[in-house]
Amino acid sequence: MFRYINSPANATWAQQGVTIAGGHGAGSGTNQLSWPQGLFVDDDQTVIITDFLNHRIIQWNKDDTTNGKVVAGGNGQGNRLNQLNQPTDVLIDRETGSLIICDWGNRRVVQWSRRSGTTQGKILIDDIKCWGLAMDEQRYLYVSDTGKHEVRRYQLGEKNSTLVAGGNGSGDGLNQLNRPRYLFVDRQQNVYVSDRNNQRVMKWNKGTKEGRVIAGGQGEGTALTQLYYAYGIFVDILGTLYVADSLNHRVMRWTQGDKKQGTVIVGGHGQGAGANQFNCLRGLSFDRHGNLYVVDENNHRVQRFSIK
């Protein structure tokens, strides 16, 4: 489902990333990715990636970073139950041993068993322009809707939902979102949202009608007070926020005590394909040891940065 990491407030990471998936140009080979988006890191450091333009979910094991294995989709672009259409996020529901996938191009959320021999998924939620997914400890599913500029909470198997963020049209008010992307939910069921077109990350406390800005919100730019299209987010047990600052090609950390500006923890060396560079970031996560994983979209790879 999800993970809480407890890294020290002054933790640092290696500045040179290691490619653990893809990195061989855009393509459909098992050693390639094509415009990857979201990812999920399991307890055994297995990494599951939404391979956007290959219309598949691909799994890369810790011991084999040369080739991945297709675990959902991979049957071309389409809306059949054995197909996906530009998936953007994925998570594991351990209770059912299944993947939950945001099938963005098909406007649906689907569930796909991880048991071998599975050839198709089933639709959990339809008619939703979903982008990001999260699951809390009670197994409620949270989904961001980029069309309605909102986040809703669902009980698995139920069609009814509860609005937990946004839902007041596109805008930059504290009760609004503008093209929300990825999500994180903490133990108190507070919802964190990367509010892409508002260049900010929002925190909506459970049950509130408005969120508050916890990073960015100062327009697009390169200053430490700014973000330029926030994508993947993660919050550690201290409340420290980590953000994939996509078009600034860097990962930033914003501590609980200082909302004015963040610090760059990896990247920030311009757009490029070097081991210390990115070209448009997307998903972001950590493993249980505190190592950082980042989807590097235009380099068609996932990078791991080891915690020091």
Side-chain angles (χ1 to χ4, degrees), residues 7 9-13 15 17 37-38 88-89 131-132 144 146 149-151 165-166 168-184 186 190-205 210-236 238-274 276-286 292-299 303 305:
S7 60
N10 60 351
T12 59
W13 287 263
Q15 294 302 293
Q37 298 293 320
T88 55
D89 205 6
W131 191 278
S144 66
T146 66
H149 311 284
E150 66 185 21
V151 180
N168 294 295
S170 169
D172 63 1
L174 293 179
N175 67 345
Q176 294 179 302
L177 298 167
N178 189 348
R179 303 289 180 197
R181 286 304 193 242
Y182 289 105
L183 304 173
F184 188 89
D186 66 20
N190 303 316
V191 178
Y192 300 78
V193 188
S194 58
D195 190 10
R196 191 193 79 163
N197 285 18
N198 284 324
Q199 318 297 346
R200 66 190 186 183
V201 178
M202 301 289 288
K203 179 182 180 182
W204 292 64
N205 288 344
E210 289 188 346
R212 59 187 176 92
V213 181
I214 60 167
Q218 306 291 319
E220 69 184 48
T222 60
L224 294 177
T225 56
Q226 294 177 301
L227 297 167
Y228 191 0
Y229 286 173
Y231 270 79
I233 54 176
F234 194 97
V235 180
D236 71 16
L238 301 174
T240 303
L241 169 72
Y242 300 84
V243 186
D245 188 10
S246 181
L247 292 189
N248 282 325
H249 315 292
R250 66 192 184 186
V251 176
M252 297 192 74
R253 172 172 61 196
W254 300 66
T255 61
Q256 188 76 12
D258 184 11
K259 295 295 178 272
K260 295 288 188 292
Q261 67 177 43
T263 56
V264 179
I265 60 167
V266 294
H269 301 289
Q271 177 180 340
N276 68 344
Q277 293 180 301
F278 300 107
N279 187 352
C280 297
L281 292 76
R282 289 299 186 251
L284 173 153
S285 192
F286 290 84
L292 169 65
Y293 296 73
V294 185
V295 176
D296 188 10
E297 181 193 36
N298 289 8
N299 285 322
Q303 298 289 89
F305 297 84

Chemist: Measure the shortest side-chain to side-chain distance between L247 and Y229 over non-hydrogen atoms and say whether it is less than 4.5 angstrom.
Modeler: yes

Chemist: Do side-chain atoms of N299 reach the backbone of G272 as a donor and acceptor pair under 3.5 angstrom?
Modeler: yes

Chemist: State, yes or no, whether a side-chain contact exists between L284 and Y231 at a heavy-atom distance under 4.5 Å.
Modeler: no

Chemist: Mind checking what makes salt bridge (Lys or Arg N to Asp or Glu O under 4.0 Å) contact with D296, not counting sequence neighbours?
Modeler: R301

Chemist: Tell me, do L241 and I233 make a side-chain contact under 4.5 Å, heavy atoms counted?
Modeler: yes

Chemist: Within the side chain of N248, is there an N or O that forms a donor-acceptor pair under 3.5 Å with the backbone of G268?
Modeler: no

Chemist: Quick check for you: to the nearest 0.5 Å, what is the distance between C280 atom SG and Y228 atom OH?
Modeler: 9.5 Å

Chemist: Only counting residues at least two apart or in another chain, list the ones meeting side chain to side chain contact (heavy atoms under 4.5 Å, CB included) with T225.
Modeler: Q218, A223, Q261

Chemist: Please find the pair of heavy atoms, one from K203 and one from D186, that lie closest to each other, and give the distance.
Modeler: CE-OD2, 4.5 Å

Chemist: Within the side chain of D245, is there an N or O that forms a donor-acceptor pair under 3.5 Å with the backbone of M252?
Modeler: no

Chemist: CG/L238 to OG1/T240 distance, rounded to the nearest 0.5 angstrom?
Modeler: 5.0 Å

Chemist: Got a sec, which residues hit salt bridge (Lys or Arg N to Asp or Glu O under 4.0 Å) with R282, two or more places apart in sequence or on another chain?
Modeler: E297

Chemist: Hydrogens and angles aside, do N279 and Q271 bring a side-chain donor and acceptor to less than 3.5 Å of each other?
Modeler: yes

Chemist: With rounding to the nearest 0.5 angstrom, report the CZ to CD1 distance, R250 to I265.
Modeler: 12.0 Å

Chemist: Taking all heavy atoms of V193 and all of P180, pick out the closest pair and write down the distance.
Modeler: CG1-CB, 3.6 Å

Chemist: For N178, check side chain to side chain contact (heavy atoms under 4.5 Å, CB included) against everything at least two apart and list the hits.
Modeler: H149, S170, D195, N197, N198

Chemist: Donor-acceptor pair, distance only, cut-off 3.5 Å: does the side chain of S144 make one with the backbone of R181?
Modeler: yes

Chemist: Do you know the tightest heavy-atom contact between H269 and Q15?
Modeler: NE2-OE1, 4.4 Å

Chemist: Drop me the distance from Y293's OH to F234's CZ, to the nearest 0.5 angstrom.
Modeler: 11.5 Å

Chemist: Can you check whether G38's main-chain N or O pairs, donor with acceptor, with Y182's side chain at less than 3.5 Å?
Modeler: yes

Chemist: Only one of V191, L174, I214 passes side chain to side chain contact (heavy atoms under 4.5 Å, CB included) with M202; say which it is.
Modeler: L174

Chemist: Measure the shortest side-chain to side-chain distance between N190 and V235 over non-hydrogen atoms and say whether it is less than 4.5 angstrom.
Modeler: no

Chemist: Could you report the tightest heavy-atom contact between A230 and V243, atom names first, then the distance?
Modeler: CB-CG1, 3.9 Å

Chemist: Suppose we screen for side chain to side chain contact (heavy atoms under 4.5 Å, CB included). Which residues come up paired with A11, at least two apart in sequence or across chains?
Modeler: S7, P8, W13, R253, I307

Chemist: Among D89, T146, V151, find the residue that satisfies the side chain to side chain contact (heavy atoms under 4.5 Å, CB included) test when tested with W131.
Modeler: T146

Chemist: Excluding sequence neighbours, so at least two apart, what forms salt bridge (Lys or Arg N to Asp or Glu O under 4.0 Å) with R196?
Modeler: none

Chemist: Just verifying a value: how many Å separate W204 CH2 and E210 CD, rounded to the nearest 0.5 Å?
Modeler: 7.0 Å

Chemist: Quick check against the 3.5 Å criterion: does Q303 have a side-chain atom that pairs as donor or acceptor with the backbone of V294?
Modeler: no

Chemist: Atom CG of L227 and atom OG1 of T222: how far apart are they, to the nearest 0.5 Å?
Modeler: 11.5 Å

Chemist: List the residues meeting side-chain hydrogen bond (donor to acceptor under 3.5 Å, both in side chains) with E150, not counting sequence neighbours, and say none if there are none.
Modeler: R152

Chemist: Is S194 reaching over with its side chain to a backbone N or O of V201, donor-acceptor style, under 3.5 angstrom?
Modeler: no

Chemist: For F305, what residues pass the ring-ring contact (aromatic ring centres under 6.0 Å, His included) criterion, not counting sequence neighbours?
Modeler: F278

